[in-house]
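This is a predicted model, so every value here is computed, not measured.
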Amino acid sequence: MRVLLFDLDGTLIDSTKAILESFRVVFEKFNKTYPSDAKVKKLIGLPLDVMFNNLGIKENVWDYVNEYKKHYRTISKEKTILLPDAKEAIRLASTFARLGIVTTKTARYSKELLEHFGVMKYFEVLIGREDVTNPKPHPEPILKAIHILKAHKETTWMIGDTCLDMVSANEAGIKYIGVKFDYENEENLKKCAKIIKKDVLDAVEYIRESERN
């Protein structure tokens, strides 16, 4: 059976408000100058340790990550939304494929969010940051999901909104499709994905139709 793997942030959910607030709180806690919302947004999708490193935190980065997680967990449900048509896309996908999540977010918090939105029941596997040694853009997270599902690469798709997702899928040897969101410049996405759709529902509908032919 077909398998559809989904990224989370920018593909199914928008947790920008929670992410930005958590970064601001952590920089304030450690008496560091907050870089800017724009700089943080450009890095969303990367693992937290990499994000902090790219924002100038070169020492004790895991202290920053842990403080981020503490705050994020307290506000994530309140300040995260399912993207428009995401629930419809998930339900549609479940009618013709087995579903999984592959994210650089913490798996525990990701599951809590998806349960909060009432959609976790549709997913058979969720691979988060703590489940792998090498996060996206490395292929390990996708390959681990495929292994757990005992899926075949030729019938597996990845849907994501950044080049991290596309590179990971390409390296894993599966098909992939990009969706538009604020985190990735569209010109950059075009360099990574041959197929780009306006949102996740459009992507799921495209896969369903293409697999019929």
Side-chain angles (χ1 to χ4, degrees), residues 1-13 44-50 82-83 86-115 117 119-179 181 183-184 189 191-197 199-213:
M1 189 176 182
R2 300 175 193 86
V3 168
L4 268 60
L5 302 176
F6 295 83
D7 172 51
L8 205 48
D9 273 306
T11 302
L12 293 176
I13 66 172
I44 293 176
L46 291 167
L48 286 170
D49 55 310
V50 177
L82 271 180
L83 287 169
K87 186 170 285 189
E88 184 180 350
I90 293 166
R91 287 172 176 162
L92 175 62
S94 70
T95 64
F96 67 90
R98 299 169 68 197
L99 311 184
I101 297 285
V102 178
T103 179
T104 53
K105 292 175 84 73
T106 303
R108 177 184 174 186
Y109 304 155
S110 298
K111 288 176 182 175
E112 288 178 358
L113 274 175
L114 292 172
E115 285 168 355
F117 291 123
V119 295
M120 186 61 214
K121 61 187 177 183
Y122 292 101
F123 298 99
E124 295 183 46
V125 64
L126 190 155
I127 304 297
R129 176 64 184 93
E130 70 270 42
D131 297 316
V132 295
T133 302
N134 304 293
K136 294 181 292 184
H138 196 279
E140 183 187 344
I142 288 178
L143 292 174
K144 185 165 185 175
I146 290 172
H147 175 72
I148 291 172
L149 292 170
K150 296 181 172 58
H152 299 289
K153 289 184 179 182
E154 57 269 22
T155 55
T156 301
W157 287 79
M158 178 71 197
I159 303 175
D161 67 303
T162 71
C163 285
L164 295 174
D165 304 306
M166 306 300 102
V167 172
S168 181
N170 185 53
E171 291 293 319
I174 66 170
K175 291 173 280 191
Y176 49 95
I177 184 167
V179 294
F181 195 70
Y183 300 150
E184 186 76 79
L189 191 58
K191 296 175 184 176
C192 306
K194 294 179 181 178
I195 307 167
I196 301 174
K197 296 298 176 182
D199 58 30
V200 67
L201 179 58
D202 199 25
V204 169
E205 289 174 340
Y206 173 88
I207 293 170
R208 181 183 62 172
E209 294 306 313
S210 66
E211 294 289 335
R212 282 176 174 176
N213 298 330

Problem set entry | Polar side-chain atom of Thr106 near backbone of Arg108 as donor-acceptor pair, under 3.5 Å | no
Exercise. Are the side chains of Arg2 and Trp157 in touch, meaning some heavy atoms are under 4.5 Å apart?
Worked result: no
For this session: Give a yes or no answer on whether the side chain of Lys136 reaches the backbone of Gly45 with a donor-acceptor pair at less than 3.5 Å.
Result: no
Problem set entry | CA sep, side-chain torsions, deciding dist, call: Ser168, Asp165, side-chain hydrogen bond (donor to acceptor under 3.5 Å, both in side chains) | CA-CA 5 Å; Ser168 181; Asp165 304 306; over 6 Å; no
Exercise. Are any non-hydrogen side-chain atoms of Arg98 and Val125 less than 4.5 angstrom apart?
Worked result: no
Exercise. With a 4.5 Å heavy-atom cut-off, do Val179 and Asp202 have their side chains touching?
Worked result: no
For this session: Determine whether Leu12 and Ile90 make a side-chain contact, defined as any pair of heavy atoms from C-beta on separated by less than 4.5 Å.
Result: yes
Exercise. Do Lys153 and Leu143 come within less than 4.5 Å of each other through their side chains, counting heavy atoms only?
Worked result: yes
Problem set entry | Side-chain heavy atoms of Leu149 within contact of Thr156, under 4.5 Å | no
Exercise. Is there side-chain contact between Glu184 and Cys163, with at least one heavy-atom pair below 4.5 Å?
Worked result: yes
Problem set entry | Heavy-atom closest contact (Asp7 atom, Asp161 atom, distance) | OD2-OD1, 2.8 Å
Exercise. Hey, does Leu114 have a side-chain heavy atom less than 4.5 Å from the side chain of Leu126?
Worked result: yes
